[in-house]
Amino acid sequence: VNRHNGAVGRAVLSDSLDTRCKCHGVSGSCSVKTCWKGLPDLGEIASDLKSRYLAALKVTHRLVGSRKQLIPKEGDARPVTEMDLVYLINSPDYCTPNPQLGSLGTQDRPCNRSSVGSDSCDLLCCGRGYNTYTEEVQERCHCRYRWCCSVVCRRCRRSLERHVCK
Ligand SMILES: *[C@@H]1O[C@H](CO)[C@@H](O)[C@H](O)[C@H]1NC(C)=O
């Protein structure tokens with residue numbers, strides 16, 4: 001399973017490589033062209049891997065000759081392809097602390113009340129709700145340019161609402 005997932009990761013990377021070229025020659029006439037393979041933005045690769053993670057297949061293995069072949073655990077699932085991430089056992093419940101697994105739980109974790117993603121208070125606090133507190137932050141403000149050559153600012157205090165999981 002680890003080897004399979006490692007190969008998926010490498011395949012995603014090499015599939016995402018794109019070719020970029022640069023022209024040389026008289027006024028860019030392209031009589032000589034240099035091309036190379038480049039990586040796209042890391043965020044694009046990460047988001048590809050994340051969607052594969054969310055669609056990962058639970059697998060078991062069977063012996064084919066001396067080789068182990070990965071097959072889906074649920075009989076009706078589609079066959080495992082070379083681009084599917086796979087897993088053997090379900091992830092633990094990360095909501096509650098589990099020292100044996102090194103999982104700290106989500107109590108006291110900062111969360112985002114207006115988000116609907118994985119940092120939202122709904123998801124992160126596992127339905128336990130959250131506490132709200134206000135924090136005073138100091139910021140530079142009313143900045144002005146002073147001849148020559150510096151920027152002078154005042155310090156302002158601002159209250160921020162923060163939320164942490166119960
Ligand atoms: C919280 O989530 C909203 C909506 O996704 C986002 O616009 C905002 O920047 C987030 N706030 C923080 C502190 O991350």
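No experiment lies behind these values; they were computed from the predicted model shown. Atoms within each ligand, like the ligands themselves, are counted from 1 in listed order.
Annotation: the span from Leu49 atom CG to Leu54 atom CG amounts to 11.0 Å, rounded to 0.5 Å.
Contact detail for Leu85 and Tyr53: the closest heavy-atom pair is CD1-N, 3.6 Å. When all heavy atoms are compared, the tightest approach of Cys111 to Cys125 is SG-SG, 3.8 Å.
For the cysteines Cys156 and Cys141, the sulfur (SG) atoms lie within a distance shorter than 2.5 angstrom of each other. Taken together, Cys153 and Cys143 meet the criterion of an SG-SG distance shorter than 2.5 Å.
In this structure, ligand 1 sits under 4.0 Å from heavy atoms belonging to Asn112, Ser114, Ser115.
Between the side chains of Thr96 and Asn98, no donor-acceptor pair is found at a separation under 3.5 Å.
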